Engineer: 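Quick one: this structure, given as structure tokens, is what I'll be asking you about.
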Amino acid sequence: MKNYIWIAITLFCFFDAAGQDKKWWRATVVYQIYPQSFKDADGDGIGDLKGITQKIDYLHQLGVETIWINPFYKSPGLDNGYDIADYLAIDPQYGTMADFDALLAGLKKRKMHLIMDMVLNHTSSEHEWFRQGSSSRQSPFHDFYIWQKGNRDSLPNNWPSIFGGSAWTWNEQTREYYLHMFLDKQPDLNWDNPLVRQSLYKMMRFWLDKGVDGFRLDAISLISKNKSFPPMDLSKGIFAALNGNVNNGPHLHRYLHEMNDQVLRKYNVFTVGEVYTDKDSAWQYVAPARNEISAIHFFDGLWLSGKTTGIPFKNTMDGWNTALSGKQSWNTVILTNHDYPRAVSRIGNDSMYRVESAKMLGAFLLTYRGTPFIFQGEELGMTNYPFNNISEIKDVTAHTGFAALQQQGMSDSAAFVVIAMTTRDNARTPIQWDASPNAGFTTAEKPWLSVNPDFTNINAASQQADTMSVLHFYARLIALRKANPVLIYGDFEDKSPKDPSLYVYTRTLKTKQWQIVLNMTATEVDYTVPTTGKLVLSSYGKKGQNDAPSVLRPYEARIYRLH
Ligand code: NOJ
């Protein structure tokens, strides 16, 4: 009898009455750190691990419980660390393994989690595996990569690299082509070789045994290739062409399942995949019964821009929510990361309503169903950089993109406008800590990438002192979410699918129901306050709401408790 009671109690702890699986990563709020640009502790102009450790209290006070850090492994840095030369070493620009251990210990002390960025689709061409594998066809590492025989003047097929140009590069030493879906210095690994998989799993266990809480799996939908290498139909765009051949390839799900079986299931970890897929097949990655990965980042949301606020925004988010809404299925909520322009500049309104629209987007991020991902600086309403010249941009894809536009016949100035608006460097500028030189990011004369000149106006120190700031609003939202399971596990319902201006939705858990109202526009919109509603939080302040309860000011966000 006693045993049954214990079993019942244990089950209740993991599954509440609504059947929601209470894994820690469903309730957490993730904060993404781009290490180059977070905080420079050693004064060389580049952010580092010690800098992150110095700022743990900032993150803790904000209320985030999990951090995801972009790659800081040893790397030549041609794609800012996504070209790994040694998976088991820290790149000296970020510090040492002792610095890593200190950071992890600092996080654990505050009961926080660490997610590492894990790049399993490719390595750097400077990785020992590729150095040896590319030197001779007889090397045991040759089959770690994907090769095609041929001659220098004719490519094996028309497969494109996602970063532009062909996916094939000639290797003189073996007189073959190797495949790379990104830069030519990022050769793709051959996942069909069991030794490759075992080597990667072993390396993953090294980090998990250290106490890491999971991985963001870079480009994970690309790991399995169609080895008959058929020509691609590129007329419908690159992602349509890659699908089935490179993306969502033939053995992808078998390999993810194997990785789960041999590594992940042995630890209580969170894995979030960077996955290019449509919403109808997304469940194949995350359905718990399939034992693959925990969640994915979906691109339809990240590709949204200002022009699409209102109905397209809601349709995209709701569509994904429905697709991943079964009781045991889960989603992430993400508006931007290090590969996209700043959310407030792209979807919000950084010219007239920066603070208001940043708060509205924050309210969406933290009240929607799914694990929220905040990208560093989003909590300050940081904006895109006012680039004046292509030479100010470091992002390698901005330069290949610029050259491609020129080739298509675009003038330099027109091409520059496109690149300046879309470059990944918009999101990668240093965090604006205060109004001192270089925004308090570094004591070096020059940071690796320029600080946005708006730092005297937008910075953490001034927002800490202002209770109406974007930063304070984020902290309130996170605290509210943490204290109210209805905002985490509650069922979602869109109450305004046809409304072009307002996004009104409810979250319902057992007897509790909350209503979130977002004005997605720069104009005032009439709104009928729910009769049973009690206002819990408004982006304009609770007091302001009483002045005009039935009008939502530009970009206003309100949260009501209905029952
Ligand atoms: C996706 C990462 O987010 C991006 O920054 C990187 O360039 C590519 N994958 C290649 O690893």
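For this chain, numbers begin at 1 and follow the sequence in order. Read the numbers this way: they start at 1 and go in the same order the structure lists the ligands and their atoms. What you see is a predicted model; the values in this text were computed from it and never measured.
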Engineer: For ligand 1, list every N/O pair with the protein closer than 3.5 Å, one pair per line with the distance.
Structural biologist:
| from | atom 1 | to | atom 2 | distance (Å) |
| --- | --- | --- | --- | --- |
| ligand 1 | 3 (O) | Arg216 | NH2 | 3.1 |
| ligand 1 | 3 (O) | His338 | NE2 | 2.7 |
| ligand 1 | 3 (O) | Asp339 | OD2 | 2.5 |
| ligand 1 | 5 (O) | His338 | NE2 | 3.1 |
| ligand 1 | 5 (O) | Asp339 | OD1 | 2.8 |
| ligand 1 | 5 (O) | Asp339 | OD2 | 3.4 |
| ligand 1 | 5 (O) | Arg424 | NH1 | 3.3 |
| ligand 1 | 7 (O) | Asp79 | OD1 | 3.1 |
| ligand 1 | 7 (O) | Asp79 | OD2 | 2.5 |
| ligand 1 | 7 (O) | Arg424 | NH1 | 3.1 |
| ligand 1 | 9 (N) | Asp218 | OD1 | 2.8 |
| ligand 1 | 9 (N) | Asp218 | OD2 | 3.3 |
| ligand 1 | 11 (O) | His122 | NE2 | 3.0 |
| ligand 1 | 11 (O) | Asp218 | OD2 | 2.8 |

Engineer: Answer with yes or no whether the side chains of Asn291 and Asn260 bring together a donor and an acceptor at under 3.5 Å.
Structural biologist: no

Engineer: Taking side chain as C-beta onward, heavy atoms only, is Asp86 less than 4.5 Å from His127?
Structural biologist: no

Engineer: With rounding to the nearest 0.5 Å, note down the distance linking CD in Glu274 to NE2 in His297.
Structural biologist: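 That separation rounds to 9.0 Å.
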
Engineer: Checking Tyr82 against Ser75: is there a side-chain donor and acceptor pair closer than 3.5 Å?
Structural biologist: no

Engineer: So, the side chain of Asp83 versus the backbone of Gln186: is there a donor-acceptor pair under 3.5 Å, distance only?
Structural biologist: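 No; judged by distance alone, with no hydrogens or angles, the pair does not exist.
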
Engineer: Say you draw a straight line from NZ of Lys225 to CZ of Phe229; how long is it, rounded to the nearest 0.5 Å?
Structural biologist: 9.0 Å

